[in-house]
Each structure stands twice: as structure tokens, then as C-alpha cells.
Amino acid sequence: MGSGGETSLDLLTIGEDRELEGRVVAVAATPMFVDGDGEILLQAAAYGRVLIRIPAREQLCQAQGLGVFSSLASGDSVRLTGRVTRPKELTVCVEETHFLEKVGGT
């Protein structure tokens, strides 16, 4: 999945934890079936499009709410906390404070 339409992504500093809220543009769960990361392309108001990675071995993650990933669809609103791993990318997994949740009744 690509991540076009960026705005202020320079505010995401690699290595820091960041909370984001936004609208799901696309979801790719297929890579998880071959031991790859699942991906969410998120349109976040403050940062533009950001790629969110959900590790294939989510049972080894300390994050909360990763079970919601399989039910996400384009247009859903989500809130999450993850670690910035690349300039336009977060991974939800590393800390117990990381989480993924649907918001707004979507």
C-alpha cells in the first residue's frame, strides 16, 4: 500500500510513540496469512496519510485491541497509539500502552 497525500508528516519522529485518530482508507490483511504485517492506510487529520502496521504475530504483542483489525473496512474511524518506525509509518505492538480501537460507532 502506498501513502500519498501527505501534509505535516515531518511531525512524526522516528522512535517516539504517537496517538492518531483518523479514517481508514484501505486495509490489507492478506500479508498476515504468509507471516507478513497487516496494514492500515489511515487518513489522519494532523498528519495526512499514514501507514499503520499490525504485526502478523499479534499474539506476541503487548498492545490492546488488535482483534478489531480483522473487522476494519475503508471508511471506519479508528484511534490508535503506536511507535513511529519510519517517517510515514507506525507499528502498533511494542508497548502495553499501544492500542487500536474503532471510534464513532463505525
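On a predicted model such as this, the values are computed, not experimentally measured, just so you know.
- Within the 4.5 Å cutoff, the side chain of V27 has no heavy atoms near those of the S74 side chain.
- In this structure, E95 and D17 have side chains that are in contact, with non-hydrogen atoms separated by less than 4.5 Å.
- In this structure, K102 and D76 have side chains that are in contact, with non-hydrogen atoms separated by less than 4.5 Å.
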With side-chain contact (heavy atoms from CB on, under 4.5 Å) as the criterion, how do I52 and V92 come out once you've worked through the C-alpha distance, each side chain's angles and the decisive distance to 0.1 Å? CA-CA 7 Å; I52 309 300; V92 178; 3.8 Å; yes

L20 and L90: side-chain contact (heavy atoms from CB on, under 4.5 Å), yes or no, with the steps? CA-CA 10 Å; L20 298 180; L90 274 79; 3.9 Å; yes

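- Contact of the H98 side chain with the Q64 side chain is not registered, since no non-hydrogen atoms from C-beta on lie closer than 4.5 Å.
- In this structure, a donor-acceptor pair under 3.5 Å is absent between the side chains of Q43 and R23.
- At least one side-chain heavy atom of R49 sits less than 4.5 Å from a side-chain heavy atom of L41.
- We find the CG-CZ distance between L12 and R18 to be 5.5 Å, quoted to the nearest 0.5 Å.
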Derivation and outcome, side-chain contact (heavy atoms from CB on, under 4.5 Å), residues I40 and L72: CA-CA 9 Å; I40 303 167; L72 292 177; 3.5 Å; yes

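- Counting non-hydrogen atoms of neighbouring residues, nucleotides and ligands closer than 6.0 angstrom, the CD atom of E16 exceeds 12 such neighbours.
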Checking E19 against L80 for the side-chain contact (heavy atoms from CB on, under 4.5 Å) test, could you report, in this order, the C-alpha distance in whole Å, the side-chain angles of both residues, the deciding distance, and whether it holds? CA-CA 6 Å; E19 183 174 323; L80 61 97; over 6 Å; no

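- Considering CZ of F99 and OG1 of T81, their distance stands at 3.5 Å, rounded to 0.5 Å.
- Looking at heavy atoms from C-beta onward, I54 lies in side-chain contact with L66 at the 4.5 angstrom threshold.
- Atoms CD and CG, from E89 and L42 in turn, are 13.0 Å apart once rounded to the nearest 0.5 Å.
- Once rounded to the nearest 0.5 Å, the distance linking OH of Y47 with CD of E21 reads 12.0 Å.
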